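Before any comments, here is the structure.
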Amino acid sequence: MYILGISCYYHDAAAALLKDGILVAAAEEERFTRKKHDSSFPINAINYCLKSQNITSKDIKYVAFYEKPFLKFERLLSQHLEMFPLSMKVFLSSLPNWINEKLRVPKIIKKKLKYRGDVLFIDHHLAHAASSFLVSPFPEAAILTVDGVGEWTTTAYGIGKGNDIHLMKEIRFPHSLGLLYSAITAYLGFSVNNSEYKVMGLAPYGNMNRQTSPYYPKLKKVIDVKEDGSYRLDLGYFVYHYKQKMPSEKLCQLLDGPVVKKGAEMPSRHQDIAAALQLVFEDVMFKMLNHVYQETKCKNVVLAGGCALNSVGNGKILQNTPFENIWIQPNATDGGTSIGAAFYVYNSILGHPRKYVQQDAYLGPQFSSTEIKKFLEENKIKYTSFENQKELIKNTAKIIHNNHVVGWFQGRMEWGPRALGARSILSNACNPDMKEILNVKVKHREKFRPFAPVVCEDDALKYFECDTPIPEPTGFMLMVYPIKKEWQTKIPAVTHVDGSGRLQTVRRHQNPLYYDLIKEFGKLSGIPILINTSFNIRGEPIVCTPYDAYKCMMGTGIDVLVMDKYVIWRKDNPQHRWDSEKYAED
Ligand SMILES: [Fe+2]
């Protein structure tokens, strides 16, 4: 039995396919259309999912959709009536999309897919909850979902047992921890639903001390948090419930200045605001989680929703709550709800027992050696081929050790926002200049943003102060931990200003080639840690195909592309005329 899960029309459209309760394929639409956070109907992602199993839409038993559009529209109407006439402009501008797309989802699905079966609409936070719990290793777990907003819900908690999910309580729009984070993101001149992680990266440059932070007491005025973690925002500080903007004049006064212009320098005031936001965010999350523990008395917890991508907060959860085990959906934002909706149908509605645990994120398209060779030959690209995998690894490790930047393209593309060793740019973490080299040659990122280390799981505790045993979400780059003092200066390229690292751990069974490469690099450098950053330039989705990867290398300063068993040097091939820096966006 095939079930197709779909999320779209808000941001991060995606599709996922289950075969008899096993997740066999999943991808975001942006990877195919090359439009970051593409929200349009994920026809390319769906076609990929179907093709991966050699089936057509006639083979699909159910389509599961990630929210209830009419309920969401009800919220929009009620928001509009409450704020009329201030909300008129934004309401009218959103109507065509609602009428043409969002309220016609079954028709669109049937038409675009030539599908005649049922479309089941799953409550958005249930889809988030299912995306984490039903694929987690836990038979029973407490569940917390926190995002911007679904239909009405912005935060929910409950418990999962077997194939059943029971959400017990919720917080409703316009009160939203996710929207608070987004509003401050917008205030600091970054793009909403995209750059929240930049604010998280900026925070450690500011004052992170609750006693002395100048903005922590100010931001506490914006959100009233109770001991059980329930909260209400003071809506005077926001306008998102009736405008296409987020911060209000009152928020600007509170934060001592107007909304920051895009691309502006980040003086200490901005850094302190980012720091205060992170502190308030953690306060609320830990209070909520402690309360959820009291209510459920379950030692396992699973998280989903955009706020579950706050890896800095995630790394502190087990120390600040009684929970002993944690699992987080690697695609915790709305893309992941395509998985959740599909599993909710299979396990919770149809009542099938769970038989799948998500152990890695390699769910996207892959390309065979033959296909890649054909691409190289057709485009007259010069390459070397390594028939022996050990030799390929030795050679690549040597290249990285010689401080070259490597585009690493292997196997199935990752699911979720992080590159995890299938479409990654890899380089030498021990080189103090490497952050600068990567920024100048490839990524063109804001200077304050850290690069991430990757380490084999059996080496992680030597270098990082992880929770023990190391939680599985660390494999999805979802937990930030301190780097041990003695190693910080030895891996400067991945040590953030506060001494932390957003590490990825790899277990060999997850990705043997990647694991062996890191170990091999360790033999040369003495430290088995690489820099792992996503294979793309800033503002571009992660590369998907051999063409995307080759184009990205030729337009940037990536020195060499290691694609399947083929090694392609940029210097050996004529450079494209496009300038990646010009194309780097937010
Ligand atoms: Fe969501």
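Keep in mind it's a predicted model, so treat the numbers as computed, not measured. If you read the sequence from its start, that first residue is 1, and numbering goes on from there. All ligand and atom numbering here is 1-based and tracks the order in the structure.
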### Query
Any cation-pi pair here, R449 with F190, using under 6.0 Å and within 45°?
no

### Task
Evaluate the side-chain proximity of I46 to F41: yes if any heavy-atom separation is below 4.5 Å, no if none is.
yes

List the atom pairs, donor and acceptor, that lie under 3.5 Å between side-chain atoms in residues 4-13 and the rest of the protein, sequence neighbours left out.
from : atom 1 : to   : atom 2 : distance (Å)
S7   : OG     : A14  : N      : 3.4
S7   : OG     : D334 : O      : 3.3
D12  : OD1    : H37  : ND1    : 2.7

### Row check, F343 ring normal vs R354 NZ/CZ: under 6.0 Å, within 45°
no

Please output the side-chain donor-acceptor pairs of residues 168-175 that fall under 3.5 Å, not counting sequence neighbours, one pair per line with the distance.
from : atom 1 : to   : atom 2 : distance (Å)
E170 : OE1    : T153 : OG1    : 2.7
E170 : OE2    : R172 : NE     : 2.8
H175 : ND1    : L233 : N      : 2.9
H175 : NE2    : R232 : NH2    : 3.2

### Task
Please identify each residue that fulfils side-chain hydrogen bond (donor to acceptor under 3.5 Å, both in side chains) with E29, with sequence neighbours left out.
N44

### Atoms of protein origin (N, O or S) under 2.8 Å from the Fe ion (ligand 1)
H124 NE2, H128 NE2, D147 OD2, D334 OD1

